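One structure below.
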Amino acid sequence: MCGIVGIIGASPVAPRLIEGLKRLEYRGYDSAGLATLDGGTIQRRRAKGKIAALEERLREEPIQGTTGIGHTRWATHGMPNEANAHPHANENVAVVHNGIIENFHELREDLLAKGHVFTSDTDTEVVVHLISQEIAEGTNDPIEATRRALGRLEGAFALGILLLDRPDVLIAARQGSPLALGHGDGEMFLGSDALALAPMTQRITYLEDGDWAVLTKEGATIRDLSGQTVSRPEQLSSLSGAMIGKGGHRHFMAKEIFEQPQVIGDTLSAMFNPTARTITLPDLPFDPATVPRITMIACGTASLAGMVGKYWLERHAGIPVDWDLASEFRYREPVMTEGGLAVFISQSGETADTLAALRYCKQQGQYCLGIVNAPESTIAREAHAVLPTLAGPEIGVASTKAFTTQLVVLACLTIALGKARGALDHETEARLSGALTEVPSRAAEVLNHDERIRAIAEETFVPARDVLYLGRGTSYPLALEGALKLKEISYIHAEGYAAGEMKHGPIALIDEHVPVVVIAPSDDLFEKTASNVQEVVARGGKAVVFADDAGVGRLKDLALETIALPAVDPFVAPILYAIPVQLLAYHTAVAKGTDVDQPRNLAKAVTVE
Ligand code: F6R
């Protein structure tokens with residue numbers, strides 16, 4: 001999603017803005033640009049494509065100035081081209097914007113009627129003209145003109161604004177899209193996340209919805225919706241200023257897949273007591289013994305972790321669990337059980353739909369628990385309690401280590417709630433906790449199949465146009481996750497199905513051209529899944545089976561390919577079986593030559609609907 005960086009300082013800002021933008025590259029973008037205040041003019045350079053193209057433009061035509069704003073754009077209104085790239089500017093005002101201005105159409109019509117000429121198809125450009133119009137109508141102070149213009153905007157936005165006639169300030173505004181201020185020595189910064197600002201400062205202030213701020217070199221004055229000056233706390237960000245590297249891997253995604261034994265262990269250690277062999281959660285603002293119902297809410301891959309959580313919590317903790325996609329939940333006006341628990345799962349902690357669902361649940365009197373990877377994110381701050389995934393920054397757009405660490409947290413939550421409610425006897429609790437502690441080393445064993453999975457990917461998946469993924473029980477969400485991973489990075493069409501649903505439609509697709517990935521750990525549903533493999537093969541389908549030794553023994557004569565994963569307690573199988581489906585998608589994408597870390601059209605943090 002779009003990224004913002006801004007600096008008001010004492011030394012030339014262009015190179016530092018570029019560095020900040022590079023740290024935002026992981027969010028996904030298709031054009032980039034900078035604007036600075038340079039000796040009485042606004043200077044601007046923009047380029048379609050990667051930041052390297054913008055750097056090339058700057059080499060040809062450098063810009064100076066000690067105050068500036070930069071942006072990476074992920075196209076919403078208008079094609080990804082230079083004219084639509086941010087900053088948008090006229091002679092007096094330059095603007096960078098994340099989010100969507102929902103009333104831009106009527107504002108634009110009004111401004112066109114007043115003689116303004118637009119040079120882009122974006123919603124953002126209205127902000128530039130609105131400020132100029134306020135000045136033209138007699139608001140002499142450009143800061144006051146900006147305040148008035150902001151008051152006319154509807155929708156979700158984070159804005160950084162340069163004003164030619166006030167070179168001593170930089171304006172920031174937040175309504176629904178995250179924005180952070182950074183405090184330096186004799187300079188101030190602006191960033192859509194703290195990661196962009198980490199090389200410049202660790203001292204961060206998060207703006208709240210409705211806030212707008214006037215930054216000078218010395219500090220910031222923040223005002224809320226009503227115009228009152230407000231004070232927002234300054235906090236120390238834990239993010240490191242070092243550029244996150246690929247650790248010898250070709251892509252961030254590969255590095256993140258291979259980090260899983262480590263980060264799964266880290267996440268587990270925060271909740272597992274090795275002496276007592278029990279799970280201990282931090283203090284929670286609800287009573288786990290009596291909470292009547294859970295609602296699991298998230299988007300994309302995180303929602304699939306939630307679906308595994310639903311299966312676990314129902315079976316092992318005996319709690320009714322509703323599962324919802326945040327984008328559907330937020331508009332459905334769902335009826336919620338009084339005093340229920342709502343769980344929000346999010347890597348970024350900024351996903352617009354998940355955040356909106358959280359706010360709805362708060363109004364409905366739910367206890368809101370975040371399972372979040374970004375500890376300083378909006379969801380982490382607004383939830384009543386947080387169980388962190390300790391995956392570290394995830395840069396590859398396709399979620400991998402965030403997913404498996406989300407599963408670890410959900411597994412711990414299941415055990416803790418199962419115990420608190422008396423649904424788990426001591427022996428079962430010890431078995432499930434023991435199984436969890438084995439996951440890091442078993443995950444390392446799974447990674448040993450990397451080469452074999454690469455070969456299968458190249459031979460069987462690269463030529464495919466369509467792929468089916470099948471699984472039952474907790475392997476069903478994994479089938480959905482496998483299909484999602486494959487389509488998002490390799491652009492091959494893939495569908496995940498509950499294996500029992502195959503006869504109800506998808507079986508018609510099966511022929512010798514459609515690889516069928518079957519996720520079949522040795523659990524109580526194995527035999528049923530094995531029957532589905534028979535049905536696939538009987539129709540000429542090419543089954544690629546992930547199972548353990550026993551399962552492979554049963555299916556190797558039928559399947560085109562089998563991969564024998566370590567035998568584990570079925571409880572933890574979803575965590576381990578996630579890894580081969582990630583590797584399969586990764587190697588297919590690499591062999592197809594797609595942009596694995598920043599696949600087309602996708603963004604890392606989806607901060608707009
Ligand atoms: C897929 C993927 C997305 C995210 C989804 C939610 O690989 O990464 O489906 O899982 O956009 O994002 P977060 O977890 O940041 O809320």
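Numbering starts at 1 and runs along the sequence shown. Everything quoted here is computed from the prediction, not taken from an experiment. For ligands, and for the atoms within them, numbers begin at 1 and follow the listed sequence.
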Closest approach of any protein heavy atom to atom 14 (O) of ligand 1, naming residue and atom: Gln347 N, 2.6 Å

Closest protein heavy atom (residue, atom, distance) for atom 12 (O) of ligand 1: Thr351 OG1, 3.5 Å

Geometric cation-pi criterion, Arg600 with Tyr491: 6.0 Å, 45°: yes

Protein contact of atom 5 (C) of ligand 1 - nearest heavy atom, named by residue and atom, plus distance: Cys299 O, 3.6 Å

Aromatic ring proximity, centroids under 6.0 angstrom, His251 and Tyr586: yes

Proximal atoms of ligand 1 relative to Ala302 (non-hydrogen, under 4.0 Å): 10 (O), 14 (O)

Atom 11 (O) of ligand 1: nearest protein contact (heavy atom, Å): Val606 CG2, 4.1 Å

Nitrogen or oxygen atoms of Glu488 and ligand 1 under 3.5 Å apart: yes

Parallel, tilted or perpendicular, as decided by the 30° and 60° cut-offs, for the rings of Phe571 and Trp312: tilted

Salt-bridge present (Lys22, Glu19; N to O < 4.0 Å): no

Thr354-ligand 1 polar pair, N/O distance under 3.5 Å: no

Identity and distance of the protein heavy atom lying nearest atom 15 (O) of ligand 1: Ser348 OG, 2.6 Å

Salt-bridge contact Lys50-Asp30 (side-chain N to carboxylate O under 4.0 Å): no

Nearest protein heavy atom with distance in Å, relative to atom 2 (C) of ligand 1: Thr301 OG1, 3.8 Å

Ring centre gap for Phe329 and Tyr360 strictly below 6.0 Å: yes

Interfacing atoms of ligand 1 (cut-off 4.0 Å, heavy-atom, Ser346): 13 (P), 14 (O), 15 (O), 16 (O)

Rounded distance (nearest 0.5 Å) linking atom CG of Leu602 with atom CG of Asp597: 12.0 Å

Close approach, Glu350 and ligand 1, non-hydrogen under 4.0 angstrom: no

Salt-bridge contact Glu376-Arg381 (side-chain N to carboxylate O under 4.0 Å): no

